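As the structure is a prediction and not an experimental result, all values here were calculated from the model. Numbers here are sequence positions counted from 1.
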Amino acid sequence: MLKNATWRLLILMAHGLLMTTMVIAQTRLSGQVTDAGTKEGLTGVSVSIRGSVAGTVTDSKGNFSLATNVPTPFTLLITSVGYKSQELSITGSQNNITIRLEEQPVMGQEVVVSASRVEESVLRSPVAVEKMDIRAIRETAAPSFYDALANFKGIDMTTQGLLFKSLNTRGFNATGNVRTVQMIDGMDNQAPGLNFPVDNIVGMPELDVESVEVLPGAASALYGPNAINGLILMNSKSPFLYQGLSATSKLGVMSASNRDRVTTPFYDLSVRYAKAFNNRFAFKVNLAYIRAQDWQATDYTNLNLGGVENGTRGPGVKTDYDGMNIYGDEVQSNINSVASTLASRGLIPQQAVGLVPNAIVSRTGFRERDLVDYNTKSFKTNVALHYRINDRVEAVAQVNYGYGTTVYTGTGRYSLRNFNLTQAKLELRGDNFTLRGYTTQERSGQSYTAGLAAVSMLNDIKPHATWFGEYVSAFLQARTGGQAEEAAHIAARTFADRTMPAPGSAEFQTLLDRYRNKPISEGGGAFLDRTNLYHAEGIYNFKNQIKFIDLLGGANYRQYQLRSNGTLFADTKEGRSGTIAINEYGAFLQASKSLFSDHLKLTASIRYDKNQNFAGQYTPRFSAVTTFGDHNFRISYQTGFRIPTTQNQYIDLATPAGTLIGGLPEFVNRYNLTSGVLRQNLAPDVIARTISSDPSIVQAATQYATAAITAQVTAGVTAQVQQAVAAGQVPNNPAAIQAAVQAGVNASLPGVLQQQLPGLVTQLAPAFALAKLPKYQPQTLQPERIQSIEFGYKGLIAKKLFVDAYYYTSTYKNFIGGTIIIVPTAAAAPGLPIESGIGSGNFKAYSRPANTAEIIKVNGFAISANYSLDRGFYVGGNFAQNNLIGFTPTPEQQYASFNTPKNRYNLMFGKRIGAGDQFGFNLTFRHQDSYVWEAGFVQPTTTTVPLFTNTIVPAVSNFDAQVSYKLSSMKSILKVGGTNLFGKPYIQAFGSAQVGSMYYVSLTFDELLN
């Protein structure tokens, strides 16, 4: 009902707007736009009418002509990237208009829309905003415009593969970043099943990018849920303004010392064509294709701490080794408990149990490089049709499609094979309104999680129980044969692994194909995601109705349809037929007013959003900007919120280390969570305190140990008596036998108890202590909120130096973290409490989103300065700092996941190619501090090991460079460049791929190149 009402509202708004358009006499304009310095005609300059969609572009000689029904007088806007904009007042038809544009060598004159959802000068933006335009894209040394965003101040980029990178600002970074919203032409670019933007693997081809705006900090007041840490707004080129053919060919090599093949080629090809007819109808088509061998993840750090960490299972390697980029070794068991089980079944002698140490042993896993598809590729295309219904209204139909293979880091390493995303929209827009409806269709292709595939492969090679049984038997044989304990462990592993196929063999490949193609719900690693998103919104600017204040309003409706065939979500449980629908809606209102002859601008906005599973959220924002010439000071109060993502709500995903489950109430009963124990309560010091504070634990352990020793002694004495009966030394009658047994027990037991009881009680006490630990108490999951205050300055000094600085302080409430619940499945041995199974590997682990009750505070600052030198040279730099203040762990949030370097800075020096130039270059140096990476993927599997002791992202220092040469006669630019020229591979997220160096040559042809 709500969905239908929203669409009816949008249609009525559009109808009313169209009906108000009046047909009047046409005004005809023509003229030429030239470069003020070279006096040559400029191609592709935009000539548009303020307050309408009417406009045109100049031809190859700089000429233009325009006929419009917009009533005079009106203002003609003449704009082109790299030139100062001009405005002309038009009162009637004119011919031979001459316009000379001057180059704009310094930043600070750009127009942005992300900060207030209306066009405004970047200098007067009420909040921090960064902008990359066509010129900046052309000048960057980075291999793509998306990579170049890392050169802005305060932006974190985490690379998981060549084509998969996540952007974040102001802390709490993640590889699948759900705190930053990325929009392409007004469409939320998140993959609705994964719940975060999938970088630009299925985004916008670079040739079609007109601008990228990055809004650090909370943006929920205007953009709704999840824009809590920032917004990335990518705008494509209009086929009316950017016509003709353009194409790029980029060829090069990738090199990293940790890869199977150190140096491999890559190629990146793209083409764009756009055409307009009679200034009414226009279309564009984009095609882009990238192919390469991806960066590889080869970190073999032992997450369980200690020992040799080179990926082997030889001498010096700990028995519970859990290699970072080795999968399947998350399967582990306590071999003493395994021995006890074997003894209870009569498979080994009871006395042999004492020879088996109380040690955790993990299975031998497979390296990531043997499991995932590193044959990276990406195909992107978009087609758009634009029709100007009249001079005030334009209709757009657009389809974006992306298809690719890459690797990304989530709760494990996911091989996205033939992953594809389709976005389609219909849009109606005028100078004062936008009506938009779009859908996002996610298809996982043949994607799979490497860890689950590895675990299933190992279980197929040899069931886990069988493997551990063989390990214990071989270990005992080696020990009784005189081998030392470490040698016995190596011999046991060699024996248990004897049927393991070699990576790369036909047998291994067959096994891998079987389990990477088998769905998770059937015991494999493949996820079958076909989730859809539907969104409709309308935005209206009341500038034509209200003059004393600027008023903007809007509303939206969104529906998620989660469909994963039970591999990602709980869409086949609770009686569901394979789809979970989630409905959201929201509305906002923004008012702004300029005072004191435009020296002060005040802006206030308020937004309300509602998700069907959570209470409604209000998010206000207030800002003030004071302007004195080219100097602008601002203060803003911003709020934001994050609705728990679709995965936070309904995920039901098995991983090697446990099961990820949603935070909604249905999961509590399904997995018996209230019988579980929080992971942090399993720490050795907690167990020790519990034992010392509760005498009944030692009493229970003593009773159990006494009974066990008595049973063991009785069994031994009984065997001796039976031998004596057989030898005729004891009469063969029950009474005599019983008396002999009792006498033997009475004689032997006190000494055995004195010798063995203390040690056994010490060993058993933790098993009984586990039963005394507090059980998990679920809390209601709520949206996360942020309040942020920002002070900023933007200024242009002496028309040469552009300075941009800000300081912010933020407070988070109901921060969404996660808790790990350990649910026992069986006792470690008969007679012990079921909770004792946690200490012997008889448990299931569940990771669940939860809110922390603690207030989390963050602050930081950033500053950038860019100076324009003579003859097109420029120099610049920026510095940013982020600080997490006094984080307090709670049961719901044991670690912060701040995942951000304290300090980072970028330095740049270059020369841009101006209208009369042919040569340009850019040199960029980037540095960031080292920091600890905290995430579920890098947690140890042994529950008593402290978290994040060795998950450090080392400091990174990179140097990129490019040299460009303009081939004027070919309307082309030849660029030769390289990234990470120091050559040392680096990581930006622990457990993700190591990034090496790239060297490339590119040739870009553009009919609009001046």
Is it the case that more than 12 heavy atoms not belonging to Phe277 sit under 6.0 Å from its CZ atom?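 Yes.
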Does CZ in Arg100 sit with more than 12 non-hydrogen atoms of other residues, nucleotides or ligands closer than 6.0 Å?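 Atom CZ in Arg100 is not packed in, count stays at 12 or less.
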Does the side chain of [X] come under 3.5 Å of the side chain of [Y] through a donor N or O and an acceptor N or O?
| X | Y | result |
| --- | --- | --- |
| Tyr242 | Glu210 | yes |
| Asp185 | Gln398 | yes |
| Asn151 | Asn906 | no |
| Tyr540 | Gln545 | yes |
| Gln962 | Asp960 | no |

Once side chain to side chain donor-acceptor pair (under 3.5 Å) is applied, do any residues pair with Lys237, and if so which ones, sequence neighbours excluded?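 So Lys237 forms no side chain to side chain donor-acceptor pair (under 3.5 Å) with any residue.
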Test of understanding: with side chain to side chain donor-acceptor pair (under 3.5 Å), list the residues that count as partners of Thr924, not counting sequence neighbours. Asn922
Salt-bridged, [X] to [Y], with N to O below 4.0 Å?
| X | Y | answer |
| --- | --- | --- |
| Asp917 | Arg912 | no |
| Arg280 | Asp391 | yes |
| Asp804 | Lys153 | yes |
| Asp630 | Lys799 | yes |
| Arg138 | Asp1006 | no |
| Lys911 | Glu139 | no |

Within 45 degrees of the axis of the six-membered ring of Phe240 and under 6.0 Å from its centre: does Arg388 put its NZ or CZ there? yes
On the ring face of Tyr806, is Arg170 found with NZ or CZ under 6.0 Å from the centre and within 45° of the axis? yes
Kindly say whether the aromatic ring centers of Tyr793 and Phe633 come within a distance under 6.0 Å.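 So the answer is yes for these two rings.
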Only one of Val875, Leu923, Asn878 passes side-chain contact (heavy atoms from CB on, under 4.5 Å) with Met908, and that residue is Asn878
Which residue, Ser594, Pro126, Ser623, forms the side-chain contact (heavy atoms from CB on, under 4.5 Å) with Lys601? Ser594
Could you list all the salt bridge (charged side-chain N to carboxylate O under 4.0 Å, His left out) pairs where at least one residue sits in residues 51-79, not counting sequence neighbours?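 Counting only pairs at least two positions apart or across chains, no salt bridge (charged side-chain N to carboxylate O under 4.0 Å, His left out) contact touches residues 51-79.
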